Structure formats: structure tokens, C-alpha cells
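Protein chains get the first letters and strands the later ones, always in sequence-line order, with residue 1 at the start of each. Just the heavy atoms: all of them, side chains too, but no hydrogens, waters or symmetry mates, feed the values below. The structure presented is a predicted model; accordingly, all values stated were derived computationally and were not measured.
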Amino acid sequence: MKNYLASLFDEAAYKLPHLREIQISFDRPKIETHGDISSNAAMLLSKTLKKNPREIANEIIANLTIDSTKITKVEIAGPGFINFFFHPDFLAKKIEIILKEKDEFGKSKKHAGKRANVEFVSANPTGPLTVGHGRNAVCGDTLANLLEWTGYEVDREYYFNNAGRQMRVLGDSVRLRYLESLGDTIEFPEDYYQGEYIKAIAESLNNEFGDTLRNEEAEGKFKEKAEKEIFLDIEKTLQRLKIKHKSFFNENTLYEEKKIENLLKTFADKNLSYEKDGAIWLKLSELGNEQDKVIVKSTGEPTYRLPDVAYHITKFDRKFDLIVDLFGSDHNATYPDVLAALQALGYDSSKVKVLIHQFVTITQNGEIVKMSTRKANYVTLDELTDEVGADVVRYFFNMRNISTHMNFDLALAKKHSDENPVFYLQYAHARICSIVRAIENEKLAAATDHLNLLQADEELKLIRKLHQFEEEVLLAAEYFEPNRIAAYLEELAASFHKFYTFCRILGTEKNLAEARIALALATKIVLKNGLSILGVTAPDRM
RNA sequence: GCGCCCAUAGCUCAAUUGGAUAGAGCAACAGCCUUCUAAGCUGUAGGUUAGUGGUUCGAGUCCACUUGGGCGUACCA
């Protein structure tokens, strides 16, 4: 609809050149009586032309070539909106297109040929993924899906670091538990990893090696085994939510391939760094940031900033057209430094899209659960998946804008899980499948020869809703907002449930019945496609 | 103190990125199943969009300040 109108306006611009000077928007009015599409062109021009917007609107309309089989009415309303009413037959043609394109309907080639990298989860392997990581995992994967739907080839990437202090403590935690399992009396420090999984890893080392590791160092077998086991668990947890990364990028490779060393040299050569108090500093204040930051400590150890920059350079080297980083809000202070450094080195930092999602507050019986992997005070993502199922987990994290501070009442999620809106969507799909089963006995099939019979209010509203899908996918991808898809699907399902209630198929005259079947099947396709973007199943029965 | 994010119905969240009369779901109340799944539908009630000022044809949305919350603010990641 919008594309069609845009072409009409383009044509009119030959006669009204000032139409080219403004950014015309075509909106879907909230209120039905305002038409299918509304344009604000006249209001935007009223200032430059110093004329009443309604007068301008009249001029514009006079210069539009209106095909009455497509547009039935054009009117000027309110302060100067131009409202367009489309012909129902024209709108119904969408059903044919949907039935033809099936799984492909909604995909676009807008970014065909481009490559995107989406980095998400990226939790260091110190323990199981928590509900907190769940939001990052689900949103990251859904964003990657969305980009794929707009034509990108997407690499899902997981960045981790098995070198730092955290991992040393992890290895030593395992070592102590191992000694304990051998019968030694140990003192387990309070700031070590308290989780039961540490004991399990120690136990399996005991089974495998007996007491031969008594003098092994923490950073040897202990850390190695812990990292391996924990990563296996993380991957399994993600897999349950249908998340699979293409690559796991280890920070270590940046050292092994001398990327850190080279970067330091480049910073020095370009006069972007300096030495002070035995440390190396990056001149971030010259790059527009608040203050200079240390990139190599006086101990000779780099801070996280340095490998972060080096890591992002590898993303540029790997020729991605779009680089997406999804972090929790605890990282919000770090990325401006990385972006500034990249820009100073000549990389186009506008290719990097940093997304920050807010934290999930978990409440259990009215009390806030403070998550800490170290203190083993957390609810794991696996536990949540066990409790409510993968579809609910995925839908729950997808249904809200990533910028919201989300509340998650565990007790409520478990108790009222069947009140989750995801079932509302799935139920709509299952109902259509049920129709399909029922019509087979009645010798009925979908037919698009008499779509003009679809004139009931519920039918027309549903058709209009189907029109929106392609646009919603594009917008959700463009703004990196997966929740738009969830919101759209809820509206679509609502339109369908109303249609289902008021527009029966069995017992209706054949031509109308078959047109309704076509409409139902088109709805089924769009529901399924939308759910697949969210990573949620579309069941045939419920 | 400073930086980023947030504040919308009793609760959880939307609102086409500045559009016309701010919408859903829970919860509450009143209805609808001899007919394709009632995990559904219909209706009622619920709002000074935290507050004050500003920008303009037009503000929940943009700007400034205030209040209240989250996350940061390391030679931790």
C-alpha cells in the first residue's frame, strides 16, 4: 500500500516539485475511520509555502492519478492529513501472494549480499547461564533471525576469555573441591565459586585421575576441565532454546596471533597512547571521550579495553558490513572507548551497532533475587526452561523492548504459565490447523477466485493485518526491536480469533467458504513465519 | 558528584521513532459453547503518560530542570 502511494506521489512531483523537498511519511492511522493510509505531506509543506495545509492537500490530491479499482476514497481530514481508503478487492490480492510465497513471505532482499556479525551471550565459562543471560541469548538470536529475514548472511558469534582472574579463581575452586573429594580438609574461601557444579567437576576429575592431581596447579587440568565442562553445559542450555553460535572467539587468539602487540604498536605510532606511572594510557580525551584510560597496567597486563579493540578490528578484517554487539547494561561504560579507538584508527565505527539491554529483575515470592555466579545465588536458564518450556522463555524475552527494566516473577511465571500470550498465538495457529483437518472431509479447499466475497468487518480487518507483516519485519530489523514482531503477532492472532468466532466456514456457501479458507491459510503462514523469527514453535494441536 | 538507561490503567507492557480520540494482556465485574478447539469471543470499569517549563501546525515521544529507580563510574571483565 505504502509503496503504491509513494509511486503516485513521485508522479505528482513532476507537477508539484516542492513535494521532493520534504520527507513524506505514509502512516497507518490508529483509527479506522481515518482510512488505510494517511499522509502528512500537506502539513510539512505549509511552512515553506506559507499556505493553509488543507489548501495544499487539495492541490496534491488534484495532481494524483487515482485508480478507482485500487483506491476508493481520498479525503482531507483534521489539520491537513490526506487519508486514502483502499479497495477491498485490491487488498485481498495479498492472500494470493502469501499462499504462493509460503515460508518466504515476509523475507526481503533489502540487504542481500551483505554480511553481518552478531555477538551475543559472550559469558565467560565460569558457571551455568542464568536467567539474566537468557535475555541476551534470546534477543541476540532473534535479532540475528531478523537480519537474515532482510537478506543478511549472519554469523552468530560468542566471545569469551579463559585467561583472566575469574578463570584462575575458578580453577582453584575446582582444585580445592578436588582435594576435598580426596578426603583432605580444606578451607574454601568465601569469594570462590560456591556452586554445586564445581563439586561435580572435581568429582569427575577424581574418577578420571584418582589422586594423581594432588600437586597439579589450579591453572592446569583443573581450569581446563572446568572450562570444557561448563562450556558444554552452556552450549546445551542454548541449544534447548534453539540457539547455536557459528563461532566461539577466544580472546587468547588475539595474543597468540600478536594482534595485541601490533595494536599497541599502532597506537604508539599514531601517537594515540602514552606512558605514565608505568602504565600505557590511551588518549581517549583527545578523541572526545571523558578521560584517558589505561590499556596496559603497570604490571604489563592489558586491561580489557585493549583486546576489545583488537577483537573488533578482527570483525572489520573479516569484512562484515554490519557488526552488532549485544550487551547487558553493566557494559554501558566500555563501548564508547572501543568505538572511539576504532574511529581513530580509521575504521568506520558506524558499522558497529551496540545494543544495550537492561537487566532482568527476578522476584521470587515478592523478594528480589540478586544474581551472582560467584555466590551461586542464581536461577539458571535451564531451571527456567524446565519449568515453563523453551517457547515461553523465548517469547517472554522477545516480547519486551530491550530497553525496559524487565520484571520476572518466577512464582507467577510458573503458576500462570498458561496465561502467557504465547499460547494465544499458538492457539490461533492450532485452530487453523484444525480447520484444515475439518475441511478435508467436506471436499472443500482454499480458493482465491472469489476473494471479493470477503466483506465482513472481521475479514477485512484480518486482511489488513496480513498486509502489515512485511513492513513489521523490516522495521523490527531496522530498529533492532524484536518485540515489534511479538506485538504484531498478538494483533494478528486477535484479528484471527475474531474472524474465527464470527466467520464460520463449514455450513457457509461454497465460494465464500473457500475464500475464507484461503484467508485462514494465509494467516497460518504469517503466524508461523512470525513465530519462526522469534524462535517459537507453531503447534498443529494444543 | 559524573555518565548511560528507565518512569504510561491496581500489575506486566504497547503506542507505526513527532501525528488525529494513549491501547493490549493479567487482575475485577457482567454475558456467550447441540455447529471448524471456550488456551476463544462480547461488554463494563480502570489515565493529569512521575512533576514543572520549553520547542511547533501537533509532544507519551524532542530539549531543560526536578523527583524516584537500575547499571556503570578501576592499573576488574
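- Applying the side-chain hydrogen bond (donor to acceptor under 3.5 Å, both in side chains) rule to A:Thr523 yields no partners; only residues at least two apart in sequence or on another chain are considered.
- Straight-line distance between the P atoms of B:rU73 and B:rG58: roughly 44 Å, to the nearest whole Å.
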Could you go over nucleotides 70-72 of chain B and give all protein N or O partners under 3.5 Å, atom names and distances?
unit_1: B:rC71; atom_1: OP1; unit_2: A:Lys370; atom_2: NZ; d: 3.2
unit_1: B:rC71; atom_1: O2'; unit_2: A:Ser329; atom_2: O; d: 2.8
unit_1: B:rC71; atom_1: O2'; unit_2: A:Asp330; atom_2: N; d: 3.2
unit_1: B:rC71; atom_1: O2; unit_2: A:Asn332; atom_2: ND2; d: 3.2

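- In secondary-structure terms, RNA chain B builds stems of at least 3 consecutive Watson-Crick or G-U pairs, each pair having both distances under 3.5 Å, at B:1-7 with B:67-73, B:10-13 with B:23-26, B:28-32 with B:40-44, B:50-54 with B:62-66.
- A distance of about 28 Å separates the P atoms of B:rU21 and B:rC26, rounded to the whole Å.
- Residue-to-nucleotide contacts include no donor-acceptor pair under 3.5 Å from the side chain of A:Ser403 to the base of B:rC6.
- Taking atom P in both B:rG60 and B:rG18, one finds a spacing of 13 Å when rounded to whole Å.
- In this model, the phosphate group of B:rA74 is not approached by any side-chain N or O of A:Lys297 to a distance below 4.0 Å at OP1 or OP2.
- A ring-centre distance under 6.0 Å is found for A:Phe231 and A:Phe248.
- Spacing between B:rC65 and B:rA22 at atom C1', rounded to whole Å, works out to 26 Å.
- Base orientation of B:rC33: syn, the glycosidic angle falling within 90° of 0.
- Under a cutoff of 6.0 Å and an axis angle of 45°, A:Arg400 and A:Phe396 form a cation-pi pair.
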> Could you run down nucleotides 14-20 of chain B 5' to 3' and tag each one B, S or - for protein heavy-atom contact under 4.0 Å?
Replying inline: SSBB-BB
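- Annotation: cation-pi geometry satisfied between A:Arg431 and A:Tyr500 (NZ/CZ under 6.0 angstrom from ring centroid, within 45° of ring axis).
- For A:Arg541 and A:Gly278, each mapped to the nucleotide of RNA chain B holding its nearest heavy atom, the one lying further toward the 5' end belongs to A:Arg541.
- If you take atom P in B:rA15 and the same atom in B:rU8, they sit 14 Å apart, rounded to whole Å.
- In summary, the side chains of A:Asn124 and A:Asn162 do not present any donor paired with an acceptor at a separation below 3.5 Å, with no hydrogens or angles considered.
- Contacts of A:Arg504 with the nucleic acid, taken as non-hydrogen atoms under 4.0 Å apart, include base atoms.
- Ion pairing between A:Glu75 and A:Lys73 holds under the 4.0 Å rule for side-chain N and carboxylate O.
- Salt bridge status for A:Lys510 with A:Glu442: absent, with no side-chain N to carboxylate O gap under 4.0 Å.
- Among the atoms of the strands shown, base atoms are found under 4.0 Å from some heavy atom of A:Tyr500.
- Taking the P atoms as reference points, B:rG68 lies 15 Å from B:rG51, given to the whole Å.
- With a glycosidic angle further than 90° from 0, B:rU35 counts as anti.
- Looking at the side chain of A:Ala279, the nearest of the listed nucleotides B:rA39, B:rC75, B:rA77 is B:rC75.
- When each of A:Ser46 and A:Tyr335 is assigned the nucleotide of RNA chain B bearing its nearest heavy atom, the one mapping closer to the 5' terminus is A:Tyr335.
- In this structure, A:His429 has its ring center no closer than 6.0 Å to that of A:Phe496.
- With hydrogens and angles ignored, a donor-acceptor pair closer than 3.5 Å exists between the side chain of A:Tyr304 and the base of B:rA77.
- Considering only side-chain atoms of A:Gln291, the nucleotide from B:rA77, B:rC36, B:rU73 that sits closest is B:rU73.
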> Please walk me through it: do A:Phe160 and A:Asn250 pass side-chain contact (heavy atoms from CB on, under 4.5 Å)?
Replying inline: CA-CA 5 Å; A:Phe160 73 103; A:Asn250 189 340; 3.5 Å; yes
Review item, side-chain donor-acceptor pairs of residues 326-335 of chain A, under 3.5 Å, at least two apart:
unit_1: A:Asn332; atom_1: ND2; unit_2: A:Ser329; atom_2: O; d: 2.7
unit_1: A:Thr334; atom_1: OG1; unit_2: A:His331; atom_2: O; d: 3.3

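- Residue contacts for A:Cys503: at a heavy-atom cut-off of 4.0 Å it reaches a base atom on one of the strands shown.
- To the nearest whole angstrom, the two P atoms, one in B:rG10 and one in B:rG46, are 11 Å apart.
- With respect to A:Glu157 and A:Lys315, no salt bridge is recorded, no charged nitrogen being found less than 4.0 Å from a carboxylate O.
- For residues 474-494 of chain A, the pairs satisfying salt bridge (Lys or Arg N to Asp or Glu O under 4.0 Å) are A:Lys110-A:Glu478, A:Lys465-A:Glu491, A:Glu472-A:Arg484, A:Glu481-A:Arg484, with sequence neighbours left out.
- For the P atom pair drawn from B:rA14 and B:rA9, the interatomic distance equals 13 Å after rounding to whole Å.
- Proximity of the aromatic rings of A:Phe469 and A:Tyr488 is defined here by a centroid distance below 6.0 angstrom, and this criterion is met.
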